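What follows is one structure encoded as structure tokens, with my remarks underneath.
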Amino acid sequence: MAYLKIKNKKDFISNFLNPVSNLNDACILEIVDNVLISTLASTDGTIVCKSTIEVESDINTKINIPDIKKLIRVLEIIPSAEIELKLNENNISYNENGYRFRYHLLDDGIIKQPSLNVEKVNKLNFDTSFNVKENDLSTLFKGSSFATETSKIYIYEEEDKIFGELGDRNRHNTDNFVCILSDVYEGNLIKPLPINFDSFRLISFNNSKDIKFNINTEMGVITCTFQKGDTSLIYIISALIN
């Protein structure tokens with residue numbers, strides 16, 4: 001019987017499953033050579049996330065999870081720091097130390113994978129690259145309590161710095177909030193890039209020291225790459241059309 005061993009349950013839930021569950025309810029988890037991979041899009045398709053974490057397994061396979069939050073809830077009940085799940089034909093099961101559960105899976109083909117190729121996007125030529133500290137993003141998010149009349153964030157270059165602006169440049173008399181995201185960057189950000197701020201909120205930035213931003217202005221593509229514990233994440237965001 002095939003198995004999937006999670007070395008650190010807390011890290012797995014907080015840094016792998018929770019970011020996935022922010023984007024969508026269902027996902028496909030793929031095991032490839034002891035690496036667990038999830039690639040999924042938000043419900044509106046504006047963000048695609050690929051997350052990877054090392055695991056231990058005796059099989060390469062796909063696991064079709066119908067409800068990620070439900071899986072999180074049952075895993076949180078299990079007190080063990082390291083857990084080993086049995087991979088059955090149509091379910092995941094656990095039976096150790098007096099705890100037992102069975103979680104049923106969906107058949108192949110029901111959950112749709114994003115058509116976007118993350119590897120190809122990551123190889124694009126980017127106009128601008130910069131790193132942002134989590135604290136600076138937290139400041140930006142706090143500004144949303146003031147700039148309540150908009151759902152847009154603009155990323156732009158000014159005075160040799162990269163700024164984030166919450167506001168709407170297409171509407172008059174709209175309050176805005178601006179803060180520095182980075183004072184060190186490479187390349188040239190030709191024009192402000194607007195992003196749907198509601199989509200931007202779906203990215204799980206917390207507990208990540210540095211977030212690497214790459215921007216391709218012509219295609220309106222932003223990638224955010226960072227590490228959360230043992231999990232590597234890359235988000236691909238589609239900019240709004242000006």
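Model, not experiment: these values are computed from the prediction.
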* To do: Given side chain to side chain donor-acceptor pair (under 3.5 Å), test Ser93 with Asn88 step by step and report yes or no.
  => CA-CA 7 Å; Ser93 64; Asn88 308 308; 3.0 Å; yes
* Compute the ring centroids of Tyr156 and Phe163, then answer whether they are less than 6.0 Å apart. => yes
* **Contact check, side chains of Thr128 and Ile162, non-hydrogen atoms, under 4.5 Å** => yes
* Structure fact -> The side chain to side chain contact (heavy atoms under 4.5 Å, CB included) partners of Asp160 (sequence neighbours excluded) come to Tyr185
* Asked: Taking Thr46 for the side chain and Ser42 for the main chain, is one N or O donor matched with an acceptor at less than 3.5 Å?
  -> no
* Asked: Glu165 and Asn176: side-chain donor and acceptor closer than 3.5 Å?
  -> yes
* Between the side chains of Asp198 and Ser151, is a donor N or O closer than 3.5 angstrom to an acceptor N or O? -> no
* Asked: Taking atom NZ of Lys86 as the centre, does the number of heavy atoms from other residues, nucleotides or ligands within less than 6.0 Å exceed 12?
  -> yes
* To do: Answer yes or no: is there a donor N or O on one side and an acceptor on the other, between the side chain of Lys228 and the main chain of Asn206, under 3.5 Å?
  => yes
* **Stacked cation flag Arg169 on Tyr154, 6.0 angstrom / 45 deg** => yes
* Asked: When clusters are formed from ILVMFWY side-chain contacts under 4.5 Å, directly or step by step, what else is grouped with Tyr3?
  -> none
* Got Glu119 and Lys50 here, is their nearest side-chain heavy-atom distance under 4.5 Å? -> yes
* To do: Verify side chain to side chain donor-acceptor pair (under 3.5 Å) between Thr217 and Asp127, making sure each step is shown before the conclusion.
  => CA-CA 7 Å; Thr217 309; Asp127 309 305; 2.9 Å; yes
* Asked: Would the Phe141 and Phe197 ring centres measure less than 6.0 Å apart?
  -> yes
